[in-house]
Structure formats: structure tokens, C-alpha cells
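Just so you know, these numbers use all the heavy atoms, side chains as well, and skip hydrogens, waters and symmetry mates. Treat the numbers as computed from the prediction; the structure is a model and nothing was measured.
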Amino acid sequence: MKNYVITIARGFGSGGKQIGMALSKELGIPCYESQILSMASDYSGIKKEKFVEVDEKLRGIHLLNKLTIAPDTDYIVGPTEKSFTSDVNLYNIQAQIIRELAKIQSCIIIGKCANHILRNYKNVVSVYIEAPRSACVDSIVNLLDVSSDEANKMIYQTDRYRADYYKYYTGGEDWTNPVLYDMTLNSDRIGRDKCVPLIIAYLKIKLGRDVFHNLEA
């Protein structure tokens, strides 16, 4: 096995992105989040703003019909077709970028339904990171300098649109279901800094000697 991928799904305020960046530094591999949107734009020629508008959230008719699921296809339509800039096609383009990354390099991917997209890849470790609401509120208050009430509202709204997005594009799966992941971590209980060596330890256990030499301290 020449490369590996760590996917991180995260509750808003749980520190998932911070943990992903710390893993990136420790392992010496890139961490992708918003960069996926830029890469999808470069790949397709569609303006980045289009991808930002649907970044882990539903809109318009998809939001109204969130109990339905997206078409069961990963086919990317061409620029001459009417649905080229449809929400489903924008998702499929991002999914294609994620699959290509998983084939060619070791990396960390945050959000974007990456654990679902790469569910059949043997070189992937998927992690879900969450924390109690009070800890998430404190984190958002400190990070964004907002009130506790504002932080609570932001957490509720962000987690809800991420959950709806995940459900829509995965055929009805629950974003927080622990069986969809290799690991589910409470970042408040163990500490964000300790999540990093724990994930690395699991990476060694799951992928074994094929990547072990790359993870020696």
C-alpha cells in the first residue's frame, strides 16, 4: 500500500478541523477541506462560488425535499448539458476529486461525505469527532468572538445542514451513526491534542506494516 487517507467528519465546534491540521503536521501529509472546492472548480471550469454555495448543505428544491435522496449515480455530465451546474453534478465533481486523491496520495479530507465516498477503499481510516454542546459553544465563542446564544444557534444550524446534506447524498444515512466510521472520538473528554496520537495508533493497527514505516516518530 503506497498511500493512505484519513477522513474526518465533525460536529461544529468539536475541533475536527484543528485535529485534522494537527494530524497533517504530524504525518507530513496535506489536509483538504475548502481546497476541495478550488480543485473541483479547476477540474470542471465551473466558478468556485458555485461549489461554495452548496458546500455541505442543501438548497432550493433539495432542501424542501430533503427526505428524498439524490440519484444513485456518480456520473459527471458534460458542460453542454443543462444539469452541468446542478447541485448533484457539483457533488459528483467533488466526489471524483476525492476519489482521485485517495488513489494517488496520502492525505486528510475533512467533511464532504468523504467517508461515504471512500467507503470501499481499503486504504482509508474514517473518523467522526464530536463534543458535548457546552464544549462546542465555548470553542465557538472563543474562536469567533460571539455570544453563547449566537454560538448555540450557529452549531444547531451548521450541524443540521451538514446532516441533511449527508443524508441526501448517501441514500438516507445518519451522519452521526458510529458504525459508518472506524472511530468516533469525544474531543472534549480525551482532549484535542490526544486525538492525534490516538488516530495515528489506529492507522498503524488497521493498515499495518504497509504504512508503519511512514509513521515512525
Side-chain angles (χ1 to χ4, degrees), residues 1-10 16-52 54-56 70 72-79 84-129 162 165-166 169-171 173 175 180-183 195-217:
M1 185 179 297
K2 296 181 179 179
N3 71 297
Y4 58 91
V5 179
I6 302 169
T7 71
I8 297 178
R10 71 287 186 225
K17 182 175 180 179
Q18 176 187 337
I19 292 166
M21 296 300 294
L23 273 168
S24 173
K25 182 177 180 180
E26 184 72 18
L27 295 171
I29 60 176
C31 180
Y32 297 108
E33 188 198 32
S34 60
Q35 297 91 337
I36 297 291
L37 309 180
S38 298
M39 296 167 76
S41 175
D42 292 341
Y43 175 81
S44 64
I46 298 172
K47 291 182 179 180
K48 181 181 175 181
E49 289 75 12
K50 291 284 187 181
F51 292 96
V52 172
V54 296
D55 185 22
E56 293 191 80
D72 185 19
T73 179
D74 57 7
Y75 172 68
I76 299 175
V77 303
F84 182 54
T85 58
S86 69
D87 290 8
V88 171
N89 202 48
L90 295 177
Y91 170 83
N92 286 339
I93 292 169
Q94 292 180 73
Q96 181 62 26
I97 296 295
I98 290 169
R99 284 190 288 266
E100 289 301 317
L101 287 172
K103 293 176 183 177
I104 64 174
Q105 65 175 242
S106 295
C107 62
I108 299 156
I109 302 175
I110 299 177
K112 311 292 185 288
C113 296
N115 71 298
H116 174 79
I117 293 166
L118 302 178
R119 63 194 182 280
N120 294 322
Y121 285 59
K122 302 300 184 183
N123 62 333
V124 174
V125 166
S126 57
V127 183
Y128 176 70
I129 296 171
R162 285 177 179 171
Y165 180 90
Y166 191 92
Y169 286 108
T170 62
E173 292 181 348
W175 170 55
L180 299 177
Y181 304 93
D182 289 280
M183 304 179 69
C195 287
V196 173
L198 184 56
I199 293 170
I200 293 175
Y202 181 82
L203 187 67
K204 292 178 180 180
I205 292 169
K206 180 176 180 179
L207 302 185
R209 294 182 180 276
D210 289 336
V211 298
F212 189 84
H213 66 282
N214 294 323
L215 303 178
E216 291 290 357

Test side chain to side chain contact (heavy atoms under 4.5 Å, CB included) applied to N115 and Y166, step by step: CA-CA 10 Å; N115 71 298; Y166 191 92; 2.9 Å; yes

Report the distance from atom CD1 of I117 to atom CG of N92, rounding to the nearest 0.5 Å. 9.0 Å

Kindly write out the residues that satisfy side-chain contact (heavy atoms from CB on, under 4.5 Å) with A114, not counting sequence neighbours, or none if the list is empty. T7, I98, I109

Check the pair L27, Y4 against side chain to side chain contact (heavy atoms under 4.5 Å, CB included), reporting the backbone distance first and the verdict last. CA-CA 11 Å; L27 295 171; Y4 58 91; 3.8 Å; yes

Please name all residues satisfying side chain to side chain donor-acceptor pair (under 3.5 Å) with Y181, sequence neighbours left out, ordered by chain then number. none

Mark yes or no for whether D55, through its side chain, and S34, through its backbone, hold a donor-acceptor pair below 3.5 Å. no

Carefully, step by step, assess V5 and Y121 under the rule side chain to side chain contact (heavy atoms under 4.5 Å, CB included). CA-CA 9 Å; V5 179; Y121 285 59; over 6 Å; no

Check against side chain to side chain contact (heavy atoms under 4.5 Å, CB included), R10 and Y128: CA-CA 6 Å; R10 71 287 186 225; Y128 176 70; 5.9 Å; no

Point-to-point distance, once rounded to the nearest 0.5 Å, from OG1 of T170 to CG of L180: 7.5 Å

Side chain to side chain donor-acceptor pair (under 3.5 Å) partners of K48, counting only residues at least two apart: S38

Contacts of D182 meeting side-chain contact (heavy atoms from CB on, under 4.5 Å) (sequence neighbours excluded), chain-then-number -> V125, S126, Y202, K206

Output the distance between atom CD (Q96) and atom CG (N89), rounded to the nearest 0.5 Å. 11.0 Å

With a 3.5 Å cut-off and sequence neighbours excluded, list the donor-acceptor pairs that the side chains of residues 18-25 form with protein atoms.
residue: Q18; atom: OE1; partner: R192; partner atom: NH1; Å: 2.7
residue: S24; atom: OG; partner: I29; partner atom: O; Å: 2.4

Separation between CD of Q35 and CD1 of I110, rounded to the nearest 0.5 Å: 8.5 Å

Find the distance between CD1 (I97) and OG (S44) and round it off to the nearest 0.5 Å. 8.0 Å

Sequence neighbours excluded, which residues qualify as side-chain contact (heavy atoms from CB on, under 4.5 Å) partners of L198? M183, L185, I190

At what distance, to the nearest 0.5 angstrom, does CD1 of I6 lie from CG of L207? 9.0 Å

The side chain to side chain donor-acceptor pair (under 3.5 Å) partners of Y165 (sequence neighbours excluded) come to none

Using a 4.5 Å cut-off on heavy atoms from C-beta on, say whether the side chain of F51 contacts that of Q94. yes

Residues passing the side-chain contact (heavy atoms from CB on, under 4.5 Å) test with Q105, sequence neighbours excluded, are P30, Y32, L101, C107

Hey, does F84 have a side-chain heavy atom less than 4.5 Å from the side chain of I46? yes

Considering residues at least two apart in sequence or located in another chain, which fulfil the side chain to side chain donor-acceptor pair (under 3.5 Å) criterion with K17? E33

With a 4.5 Å heavy-atom cut-off, do K112 and L37 have their side chains touching? yes

